[in-house]
Structures are given as C-alpha cells and as structure tokens.
Amino acid sequence: MIASVLLSVSFYRRPVLEVARDLLGARLVRYLDGQRLSGTIVETEAYRGEEDLACHARAGYTKRTAVMYGPPGRAYVYFNYGMHWLLNCVTGEEGFPAAVLVRAIRPTEGLDQIEKQRTGQPQNQWTNGPAKLCKGLMIDGVFNGHDLCEGDGLYIEAGHTVPPERVFAGPRVGIEKVPEPWRSIPWRFRLETTDAAQFDS
DNA sequence: AGCACGATTAACT
DNA sequence: GTTAATCGTGCTC
C-alpha cells in the first residue's frame, strides 16, 4: 500500500502548462460521507491569462473570474450551457489568471456511487468528459473557490509518474470560434490508457 | 433591460 | 452529422 500524497500549493504554484501536464496520472478524490470517490486524471487543458482568448479571464477580473486571479490550488468550478458544471484547478502565482480544466478521469474508487450519478451509461463513459466527471463525483458550484490542498471534500493526490512518451498534446476542444493562435495551440494533454477500448475519450 | 452564446452532453436522423 | 436542453455571464443599447 503506497501512502497517498496530497498535492500541495507548491505543486499548483507553477506555470499552468507544467501543472496541466503533471496532473496526468494524479488522482482526483471526492471524499463524501466517509467514502472515497476517485479517478486517475487522464486528460487536461490549460487556460492561461487575459491574452488567451479561450480563457474566461479574457474578460478581465470579474465576479466570475475572481477565483482564477486568487491563490493557486483552489478549485474554479463554473456552470456552462445552462446545465453542466466543469472543474478547474487554479495555478501559477496569485494575481495571474490561469487554470487547468480537468477533462477526463478513469474511475478507481467508489464505482458504485459514481454509477448512481451516471445511471444508464456504460462504465467507460461515466467520467470521460469534463461535465460527466463532475456529475459522477458530485462536484458542483459549492466547490468554487474550494482549497484543494486541505484534503477536505475535494482534493488531488499524487499518482504514478507518467513518462513523456505517454503524453499526447493537441488543440483544446470546444473553442472552434476562438481566433488563432489560441484555437489550435496544443494545450490539451492526454494520457493514453493501456486499455483504450475500456475508456473512450 | 435585453440579448447572444458558451471550456457539453445525450439523443436523434 | 445534427440538434435540443437550459441559464449565468458579459456585452450592447
């Protein structure tokens, strides 16, 4: 049994591209009613600064984006399309808006609980999308601004070290209307699973 | 005050 | 491949 290591503020207080890359293989944990729901992070995206026209901070400091300007290691959880919650991790120095969108995890603990949130869906589609994983782990707006470094309710633990050859970078998705270079810049990171058939992405 | 649209998903044809 | 669902946010008037 390997001791779980809670990712600390120093992990998040680094350039967002490094954090997005290093979160691959880490374990996202939702601690609920004494039970752990968790999954290995297999896909992330980086959003960086007011100049990044795909980043919410393009609008500057607003009530919505305030969390991104705050200290690293906090959760930025926002509501989208009138029905979906999406989870981000704030990164970098306080005052600079940047965050990592957690796009997909591979479920590892609390499968029975996760399934209850994803009824009718096959297991390989329980948490293979940013809104799906929030639904599966019961993550919503109450976690906006939550400190991920306290090990309380929602946090991330270090996982296995992922060799570079297993990391694939590509353009971020869902931002087709964003001008170049932001639309195509390869700030999406994926961890190729050895069991691709069991986990569509 | 009104409006267009979005870091998506699921169900369709 | 196409589209409805559904509402907070930021921008325009």
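The shown structure was predicted, so the numbers you read here are calculated from the model rather than taken from an experiment. These values consider heavy atoms only, across backbone and side chains, with no hydrogens, waters or symmetry-generated copies. Labels below follow one simple rule: chain letters A, B, ... track the order of the sequence lines, proteins then strands, and each chain is numbered from 1.
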- Using whole Å, report how far OH of Y61(A) lies from P of dT9(C).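 Answer to the nearest Å: 14 Å.
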- Rounded to the nearest Å, what distance is computed from the NZ atom of residue K135(A) to the P atom of nucleotide dT6(C)?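 Distance, rounded to whole Å: 14 Å.
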Rounded to the nearest 0.5 Å, how far does [atom2] of [Y] lie from [atom1] of [X]?
{"X": "Q35(A)", "Y": "R30(A)", "atom1": "CD", "atom2": "CZ", "value": "11.0 Å"}
{"X": "R36(A)", "Y": "S4(A)", "atom1": "CZ", "atom2": "OG", "value": "5.5 Å"}
{"X": "K132(A)", "Y": "I105(A)", "atom1": "NZ", "atom2": "CD1", "value": "12.5 Å"}
{"X": "H146(A)", "Y": "D152(A)", "atom1": "NE2", "atom2": "CG", "value": "5.5 Å"}
{"X": "Y12(A)", "Y": "T91(A)", "atom1": "OH", "atom2": "OG1", "value": "10.5 Å"}
{"X": "Q123(A)", "Y": "R106(A)", "atom1": "CD", "atom2": "CZ", "value": "9.5 Å"}

[X] near the nucleic acid: base, sugar-phosphate alone, or nothing, with a heavy-atom cut-off under 4.0 Å?
{"X": "R172(A)", "answer": "nothing"}
{"X": "A54(A)", "answer": "base"}
{"X": "L101(A)", "answer": "base"}
{"X": "R183(A)", "answer": "nothing"}

- Item | Nearest heavy atoms of R166(A) and V162(A), plus distance in Å |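 So the minimum-distance heavy-atom pair works out to CB-CG1, 4.2 Å.
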- Task: Using atom types as modelled and distance alone, determine if a side-chain donor or acceptor of R58(A) lies under 3.5 Å from a backbone N or O of C55(A).
- Result: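 Yes; judged by distance alone, with no hydrogens or angles, the pair exists.
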- Item | No-hydrogen, no-angle side-chain donor-acceptor test under 3.5 Å, T40(A) and T108(A) |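 Side chains of T40(A) and T108(A): no pair found under 3.5 Å.
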- Quick one: do the Y76(A) and H56(A) side chains pair a donor with an acceptor below 3.5 Å?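 Yes, H56(A) and Y76(A) have a side-chain donor paired with an acceptor closer than 3.5 Å.
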- Item | dG2(B) versus dT6(C) - spacing of their P atoms, nearest Å |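 Approximately 22 Å lies between the P atom of dG2(B) and that of dT6(C).
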- Query: Would you write out the dot-bracket form of DNA chain C, 5' to 3', with Watson-Crick and G-U pairs under 3.5 Å, [ ] for crossing pairs, | for pairs to other strands and . for unpaired bases?
  - Reply: |||||.||||||.
- Task: At the 4.0 Å heavy-atom cut-off to chain A, mark where contacts on DNA chain B begin and end, going 5' to 3'.
- Result: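 On DNA chain B, the outermost contacted nucleotides are dG6(B) to dA10(B).
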- Yes or no on salt bridge (charged side-chain N to carboxylate O under 4.0 Å, His left out) for R14(A) and D22(A), after CA distance, side-chain angles and deciding distance? CA-CA 11 Å; R14(A) 295 183 297 145; D22(A) 290 346; 2.9 Å; yes
- Can you sort out which residues in residues 78-90 of chain A have a heavy atom within less than 4.0 Å of DNA chain C? Ascending by number, please.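 Residues of residues 78-90 of chain A under 4.0 Å from DNA chain C: F79(A), Y81(A), G82(A), M83(A).
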- Relative to the 5' end of DNA chain B, which residue comes earlier, K132(A) or Y76(A), by the nucleotide with the nearest heavy atom?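 Looking at the nearest nucleotide for each, Y76(A) comes out on the 5' side.
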